[in-house]
Amino acid sequence: MAPFDPDLDARPKHPPLCVLKFGGSVLTHPDDYAQAASETYRHLRQGEKVLVIVSALNGETSALYDASNLYGVGGSDATKARLIRLGEFRSAALMGLALERIGVRTAVVDPHEIGLMAEGRPLDADVSDLDVPSLLEKIDQADAVVIPGFTAGHRGAGAAVLGRGGTDLTAVTLGAKVGAQRVRLIKDVDGIYTDDPAANRRARRYGGLDYDTALLVSKGVIQDKAIQAAKSAGVALEIAAMGAADATQVRPGPAALTSRVEPVPVNLALLGCGAVGSGVLDHARSRSDLFSLNPILVRNAAARARDDRARFVSDPAAALGGSLDIAVEMMGGADEPALLMERLLGAGVNVVTANKAAVAKHYDAPHAAARRGRARLRYSAAVGGGAPVIETVRRLAPHGIAKLEGVMNGTANFILSKLADGVPFADALEEAQRLGFAEADPSADIEGQDAAEKLSILIREGFERAVSPDQIPKASLADMTPELCREAAKRGAVYKQVARAELDDDGQITAEIVIEAVALNHPFAHAINEHNCVHIWDLDLCRHEVFGKGAGRWPTAAAVFADIMDLHRALTADGGTTSAMVLPSTAVDLGVMGQGEKA
Ligand code: HSE
């Protein structure tokens, strides 16, 4: 059994911390929390931990003010505050659920749990205190901490609200108290303008401006009290739209005007629409301002007759027709999708895929084609599903990686978790298949092939070495039983499928997929069911952990969509799209669709 001694465990001391504030202008419907979760995930995969501060859904606070006026004749402000604050509590819980759906390790925290206190008038109070160590402890244990904005405890009244727009004040004050490197207020405009941009097309956008100018021109885009609090704490603010690269910076220094950034409309082709593709389709539809969709390629278009979300076709030429900016390959299989990606990239089409089999087996050819075609290839979802493993390995690789190991196959982990609960192997596998975790041929999960493909990709990204999945020795899960797992539990251990790659003293890579018992206090033991947990040691032997759901529709779709959004920002930064026309020969012989596409 692998021992785990927390006292000898070195972890990064100060992970960068980001505060994201989502206001009512971008939370207009419960469906909007999925986009807010995407925006949070964007920062998580950059290596930031995120404090998410939410307002109530649009209109809810006004309705609560109305109710407090209607029923509050003769009532106290203290009691009215208890009513008016409720929209934020509901919103924080909805935000937490949206993050958990995509597999983010999330803590939803009420103000009293972190000693968040206010003083002054209960309906227009100012933040006075925060129990910083208890908030830092929450941040240590989770990747995203969700806090209702606008409200706090109050020594006299018990509860208070911070005035209209008060969620901005919560974001600024918490950001200042925990030393966040970024406080980003997400609005329905992409920054601060000299005038209302909806009413005046000639309004100019600020790239940056100082606090006093912001007080004059923000016209309620940011709460005045929040600007003043930012000024006195010296906190720089970013004012940005959801998904935007750019932001107006409110900080000390002269004002600078910049041009308006119009989002570039991008043509998107979805190739395959199984469990993950269907989630990606929902994301793309919710950003119809950014993406126009080609007909979607599926094996059996007739079977989709009642799905009115898009037009489905079985003809690759129709799916790849017109000018294309991004193709999303979600067909399954290895050889044919790799060939298709190579041809698309060579023709200048950007490609996103979650297909680890294709990337692991054919790593070089699509990368070379991307260089030839000046196109981009992204495959973040290929390892870890929603857990940003590839991104973390890429970020650490330039400084050197000594070793990486982890639980990387959701199906194997799901089966082992179920076996430990006494469920027979066949039933556990059937459930993993029903939940959409397992590969089309689940022997890839059980025999370690899927984990070996992921490890092969990580070895490329982390060590720049080519070790094919076939070269990696693999232990099978097939002989594991509930009895073996019960035995392990008696010894204070739990079985995990662990993928491991290490750089030895001779500069050689050793790699393996093993089934091993880990102590119950080991972080891998906390990854249950479809969760993945990967540890990466840098050359100082500091352990970096990535945790999240490694399989399933929503986590994987979140990672694919994050890649699509990254490409969208890159195309916008390029100053427009360079849509490529796909020649008929590019569409390969798409007998490919008959095989891999999952249901
Ligand atoms: N079958 C894979 C797993 C899907 O179970 O992890 C995600 O790669």
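These numbers were taken from a predicted model, which means no experiment stands behind them. Every number for a ligand or one of its atoms is a count from 1 in the order of the listing.
For ligand 1, the atoms closer than 4.0 angstrom to any heavy atom of Asp445 are 1 (N), 2 (C), 3 (C), 5 (O). Ligand 1 places these atoms under 4.0 Å from at least one heavy atom of Lys454: 2 (C), 3 (C), 6 (O), 7 (C), 8 (O).
Residue pairs satisfying the side chain to side chain donor-acceptor pair (under 3.5 Å) criterion with at least one member in residues 415-434, sequence neighbours excluded, are absent.
At least one heavy atom of Lys356 sits closer than 4.0 Å to an atom of ligand 1.
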> Lys496 and Asn409: side-chain contact (heavy atoms from CB on, under 4.5 Å), yes or no, with the steps?
Replying inline: CA-CA 10 Å; Lys496 294 285 163 189; Asn409 180 275; over 6 Å; no
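Checking side-chain atoms of Asp563 against main-chain N and O of Val560 turns up no donor-acceptor pair under 3.5 Å.
Summarising the contacts of atom 2 (C) of ligand 1 with Met408, Glu439, Gln433, Gln449, the nearest heavy atom is found in Glu439. One option in Gly550, Pro555, Gly410 has a heavy atom closer to atom 7 (C) of ligand 1 than any other, and that option is Gly550.
Annotation: Arg465, atom CZ; neighbour count of heavy atoms from other residues, nucleotides and ligands within 6.0 Å is above 12.
The existence of a salt bridge linking Asp140 and Lys49 is excluded, since no basic side-chain nitrogen approaches an acidic carboxylate oxygen closer than 4.0 Å.
No N or O atom of Ala438 sits closer than 3.5 Å to an N or O atom of ligand 1.
Taking the six-membered ring where tryptophan is involved, the planes of His535 and Phe524 are tilted, since the angle between them lies from 30° to 60°.
Contacts between Asn409 and ligand 1, counted as non-hydrogen atom pairs separated by less than 4.0 Å, involve both the backbone and the side chain.
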